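The block underneath contains the structure these notes are about, expressed in structure tokens.
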Amino acid sequence: MSFKLTLPIPSEAAQLALFAPYCGGLSRQADLQRALRLLAQSSLKGERPLQGGRVHRFTLRWQGARSPLELCSCQLCFPDIQALTYTFDVSTHQLVEWLMDWPEFGGQGDGDLPNRFWKWLLLGSEESVGDA
């Protein structure tokens with residue numbers, strides 16, 4: 001017999017204390033607070049700008065994101081390209097770091113993830129390439 005324990009979501013202050021050491025300390029506290037609110041939404045929609053003024057619309061969804069070192073399962077879809085879906089696992093603090101650079105206006109609409117996310121997705125390592 002197997003049991004699964006579901007713990008309540010920690011308060012915002014507790015989440016800040018958990019994630020701050022992994023996400024730039026308190027020097028980016030406002031960005032971290034905003035990212036943790038986005039994390040609780042479990043998804044966001046955005047647009048990746050392309051040359052010539054075109055964009056790729058995308059939806060990023062995740063689950064299992066609770067503590068900084070816990071892996072969360074992510075899915076990146078492109079509504080205009082149905083056959084293109086990326087599925088990956090990443091540490092929750094890494095996802096939060098990417099969300100910290102999401103534009104302030106919220107998790108819906110014209111925002112884009114940072115270039116380092118896209119490089120990580122396509123190349124598999126952001127250490128080997130600098131942020132554009």
Side-chain angles (χ1 to χ4, degrees):
M1 186 186 276
S2 175
F3 292 99
K4 184 173 181 176
L5 178 64
T6 302
L7 299 174
I9 295 173
S11 69
E12 185 174 304
Q15 284 187 313
L16 276 172
L18 281 172
F19 282 89
Y22 300 93
C23 301
L26 294 179
S27 64
R28 293 188 63 193
Q29 182 173 348
D31 294 331
L32 179 55
Q33 286 174 311
R34 194 168 20 87
L36 290 171
R37 284 191 292 274
L38 285 173
L39 184 68
Q41 292 179 12
S42 300
S43 71
L44 56 79
K45 294 180 182 182
E47 294 181 345
R48 180 73 176 155
L50 304 173
Q51 289 182 347
R54 298 178 309 131
V55 297
H56 275 314
R57 293 183 309 123
F58 66 86
T59 301
L60 178 63
R61 293 183 181 89
W62 56 87
Q63 61 184 18
R66 297 184 52 83
S67 65
L69 296 177
E70 183 179 2
L71 288 180
C72 62
S73 299
C74 302
Q75 183 181 53
L76 178 67
C77 312
F78 296 88
D80 299 328
I81 310 169
Q82 295 292 323
L84 185 58
T85 299
Y86 292 92
T87 303
F88 55 92
D89 292 330
V90 66
S91 62
T92 303
H93 75 85
Q94 181 61 70
L95 176 61
V96 169
E97 287 182 64
W98 293 326
L99 295 177
M100 287 172 68
D101 291 328
W102 187 260
E104 280 193 56
F105 52 81
Q108 305 299 320
D110 303 288
D112 188 18
L113 291 161
N115 285 339
R116 59 184 162 51
F117 165 79
W118 298 103
K119 287 179 182 179
W120 174 87
L121 182 71
L122 298 174
L123 302 176
S125 172
E126 68 178 276
E127 284 87 29
S128 62
V129 291
D131 199 33

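All values derive from a computational prediction rather than experimental measurement.
Nearest heavy atoms, Trp98 versus Pro114: O-CD, 3.5 Å. The shortest heavy-atom contact between Leu16 and Leu36 is N-CD1, 3.9 Å. Across all non-hydrogen atoms, the minimal contact from Pro103 to Gly111 is CG-CA, 3.8 Å. Across all non-hydrogen atoms, the minimal contact from Gly24 to Ser27 is O-OG, 2.8 Å.
Considering SG of Cys77 and NZ of Lys45, their distance stands at 10.5 Å, rounded to 0.5 Å. Remark: Leu121 CG to Arg116 CZ distance equals 14.0 Å, nearest 0.5 Å. Note: Trp102 CH2 to Leu44 CG = 4.5 Å, rounded to the nearest 0.5 Å. Distance CD/Gln94 to CZ/Phe117: 10.0 Å, rounded to 0.5 Å.
Considering only heavy atoms from C-beta on, Trp120 stays 4.5 Å or farther from Leu113 through its side chain. Between Arg34 and Asp31 there is a side-chain heavy-atom pair separated by less than 4.5 Å. Pro49 is listed as a side-chain neighbour of Asp112, based on a closest heavy-atom distance under 4.5 Å. Using a 4.5 Å cut-off on side-chain heavy atoms (C-beta onward), Leu18 and Arg66 make no contact.
Cluster membership for Leu38 and Leu76, using ILVMFWY side-chain heavy atoms within less than 4.5 angstrom, is shared. Hydrophobic clustering places Ile81 together with Leu60 (ILVMFWY residues linked when any side-chain heavy atoms are closer than 4.5 Å, directly or through intermediates). Following chains of ILVMFWY side-chain contacts shorter than 4.5 Å, one can reach Leu95 starting from Leu122, so the two form part of one hydrophobic cluster.
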Residues 83-93 side chain polar contacts: donor-acceptor under 3.5 Å, at least two apart:
| from | atom 1 | to | atom 2 | distance (Å) |
| --- | --- | --- | --- | --- |
| Asp89 | OD1 | Ser73 | OG | 3.0 |
| Ser91 | OG | His93 | NE2 | 3.3 |
| Thr92 | OG1 | Ser67 | O | 3.3 |
| Thr92 | OG1 | Glu70 | O | 2.7 |
| His93 | ND1 | Glu97 | OE2 | 3.2 |

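Ring geometry for Trp118 against Phe58 counts as perpendicular: the plane angle is over 60°, on a 0 to 90° scale with 30° as the lower cut.
Heavy-atom neighbours of Gln29 CD from other residues, nucleotides or ligands within 6.0 Å: above the threshold of 12.
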